[in-house]
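Just so we're clear, the structure is a prediction, and the values are computed from it rather than from any experiment. In what follows, every chain begins at residue 1, and chains take the letters A, B, ... in the order their sequences are listed.
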2 protein chains.
Amino acid sequence: MNRATIYSIAQELGISASTVSRAFTRPDLVRESVREQVLQTARRLGYQPNRSARGLATGRTGLVGVLVPDITNPFFPPLVRAIEQQAATHDSDVLLVDSGVNGTAESVLIGRLLSQVDGLILASPRARSATLKQAIAGTPTVVVNRAVQGLPTVVCDNTAALQQAGQHLVDAGHRRVALLCGPASAWAANRRARAVRTWASGADVELVEFGPLEAQFEDGQRAAEDVVASGATAVLAFDDLMACGVLAGLAELGRSVPGELSVVGCDDVLLARTLTPQLTTVTAPIEELGRRAVEVLGKVVDGEPVANVSLTGTLTLRGTTAPAL
Amino acid sequence: MNRATIYSIAQELGISASTVSRAFTRPDLVRESVREQVLQTARRLGYQPNRSARGLATGRTGLVGVLVPDITNPFFPPLVRAIEQQAATHDSDVLLVDSGVNGTAESVLIGRLLSQVDGLILASPRARSATLKQAIAGTPTVVVNRAVQGLPTVVCDNTAALQQAGQHLVDAGHRRVALLCGPASAWAANRRARAVRTWASGADVELVEFGPLEAQFEDGQRAAEDVVASGATAVLAFDDLMACGVLAGLAELGRSVPGELSVVGCDDVLLARTLTPQLTTVTAPIEELGRRAVEVLGKVVDGEPVANVSLTGTLTLRGTTAPAL
DNA sequence: CCCCGATGTGCATCCGATTGCACCGCGTGT
DNA sequence: ACACGCGGTGCAATCGGATGCACATCGGGG
């Protein structure tokens, strides 16, 4: 299928290729009637501009690289979709790469993306800050769900919501609360843990910590046993997936939720609502995070000044929390 | 950040750019010692070949376009990841586009992808066959989870497994089984429904059909009421997400699973194992589908002959099925 | 000692689109 | 009538890498 080029269109109309090019990229420079003809012929021939050629000439590829640690974690699909849709409004497409939860591959993958994207969105990256900054080598980059000194950042601050969640548990009579910490290399995990610890130190409650655990179902499931052994009557899990694992683990152990134990998740992914009972959790504006990330990235690419974005999560009470016995 | 090019490397070493280029793409044509120097200098300067330039010269972009109807449906993330990992072995990256469950956008999105990819993988596309074939305009394409006459196809045949599932229900004493059909425009939905109907017509069972429904949690949830009203004691859902919705709906109505009703899903996505009790379902080799799709696509791109791939799903008995009362 | 093939390199061209610059023709002001 | 401005247009260079072809170099065989 030898595709139409600006040259074939130009030849067809007896004009120069420059004019054809301009008819698309700088329509104001081309006489109305000519432009019409060009567009019409282009449509007839099924012309699609060659992105490689354009990229070579302009230095822009129209691609945004998106790096996620684990696309099967239900937090990321809505994020990716929001990014993709927002990018589409900038005529850009998404190059998706999954680094695996192990952060060591990130640098390599970032390197592979660098040469072919206008900018990068790093979602919950695990590598060390210095490593990241070295890897991106000056490419416009926005970090989502993590703060990296010196890089534009779009995060969701769950501190207040988590503390409300804790308070909600205390108000319900829970005096021994388990905290399931997320991956040590995950910024959000540390941040959430700190929020909870801060709250606990000032509340009438005993905090029992477990982890760090991976943000996976199985890790939560395995942790259930320890939670039960600890005598805690409530659980604050790093995220919904882990919370979901705990629920499953508790069920295996014959413990009822929210009857015997209460469980709180974080993020409010699809999973949280598919459970029965539905999961009490901290709702993050996931789509908004994605959109804002693209917005900020656009500014970085254009060399405009940018400010970090911090959205806030809100506590959503559902069915997995109840008064302690 | 003015990046290194083959010219800057060539200049540094006092050789021609062609040699540098060949050191990467045709290493056998370059003297060992020279190649060493080139690679070393390239590393030192942080050289990354410019994909646009390479693409322009070779006509290959190193990109695979992947179109999914809904990345938040847990079926697709593992598929996408498998595709991405397999593509990486071919030095290719994934351009991800989400069409939304409404198939009308597919053509437009395919058009956007065409000009920048070496090949397309269409996962569960919804548009009509003729529309699809017109939209891809000769670009190497593989269709996953659907058969399209004239296009290479990678599917999972669940017929036998679904019929086993049905038999499993009948053996457990169920005589009235609800079938929740998937989206009318989804090939897999029709195929699965047909498999079940065929089985039912030869079995001692009454089949009650509902739908078509979207492959979403909420649709399943809403359907629960009808299912209960129908007096069915077992449900075969189009996919796990829908099954999960039914479970939630049934719980709301105070019906216990598997005590009062049995539920069977399809695909065995992460969701199926996070439920309590875990979902009895038909396990699809999702990652394998992705890998095979890339494999086949590679052959199409290289002009080699290809055969359609049909994998098979297997019945996985878990906790949502039990003898009828 | 010369010729030959094999092996390495360089030169020039090409891929398709963008873009700075020159130019053309027309209308306007003087 | 002339210069000027300006909207439109074409020419040619450019982006970075790939590649066909010519040529240089070297060793070995006759």
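B/Glu106 has no carboxylate O lying under 4.0 Å from a charged side-chain N of B/Arg112, or vice versa, which leaves the two without a salt bridge. Under a 4.0 Å N-O distance rule, the pair B/Arg292/B/Glu288 qualifies as a salt bridge. Classification of A/Arg51 and A/Asp118 as a salt-bridged pair fails, no side-chain N sitting under 4.0 Å from a carboxylate O.
As a whole-Å value, the separation of A/Ile9 CD1 from C/dG16 C1' is 12 Å. A/Asn50 has its CG atom 18 Å from the P atom of D/dC15, to the nearest Å. One can place CD of B/Gln11 at 19 Å from P of C/dT9, the figure rounded to the nearest angstrom. If you take CZ of A/Arg3 and P of C/dG16, they are 10 Å apart, rounded to a whole angstrom. Straight-line distance from the CZ atom of B/Arg26 to the P atom of C/dT9: 14 Å, rounded to whole Å. Between the CD1 atom of B/Ile6 and the C1' atom of C/dA12 there is a distance of 13 Å, rounded to whole Å. Between the CD atom of A/Gln116 and the P atom of D/dG16 there is a distance of 16 Å, given to the nearest Å. If you measure from atom CG of A/Asp118 to atom C1' of D/dC15, you get 15 Å, rounded to the nearest angstrom.
Here A/Ser52 lies out of heavy-atom contact (under 4.0 Å) with every strand.
Taking side-chain N and O atoms only, A/Ser21 has a distance below 4.0 Å to OP1 or OP2 of C/dT18. The phosphate of D/dA18 has OP1 or OP2 within less than 4.0 Å of a side-chain N or O from B/Arg54.
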Per-nucleotide protein contact string for nucleotides 6-14 of chain D (B base, S sugar-phosphate only, - none; heavy atom under 4.0 Å):
--SBBBB--
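In terms of heavy atoms, B/Pro77 sits closest to A/Ile71 at CB-O, 3.4 Å.
The closest side-chain heavy-atom distance from A/Asp157 to A/Arg191 is below 4.5 Å. Looking only at side-chain heavy atoms (C-beta outward), B/Val38 and B/Phe24 come within less than 4.5 Å of each other.
Evaluation of the side-chain hydrogen bond (donor to acceptor under 3.5 Å, both in side chains) test over residues 70-89 of chain A, restricted to residues two or more places apart or in two chains, returns A/Asp70-A/Thr72, A/Asp70-B/Arg81, A/Arg81-B/Asp70.
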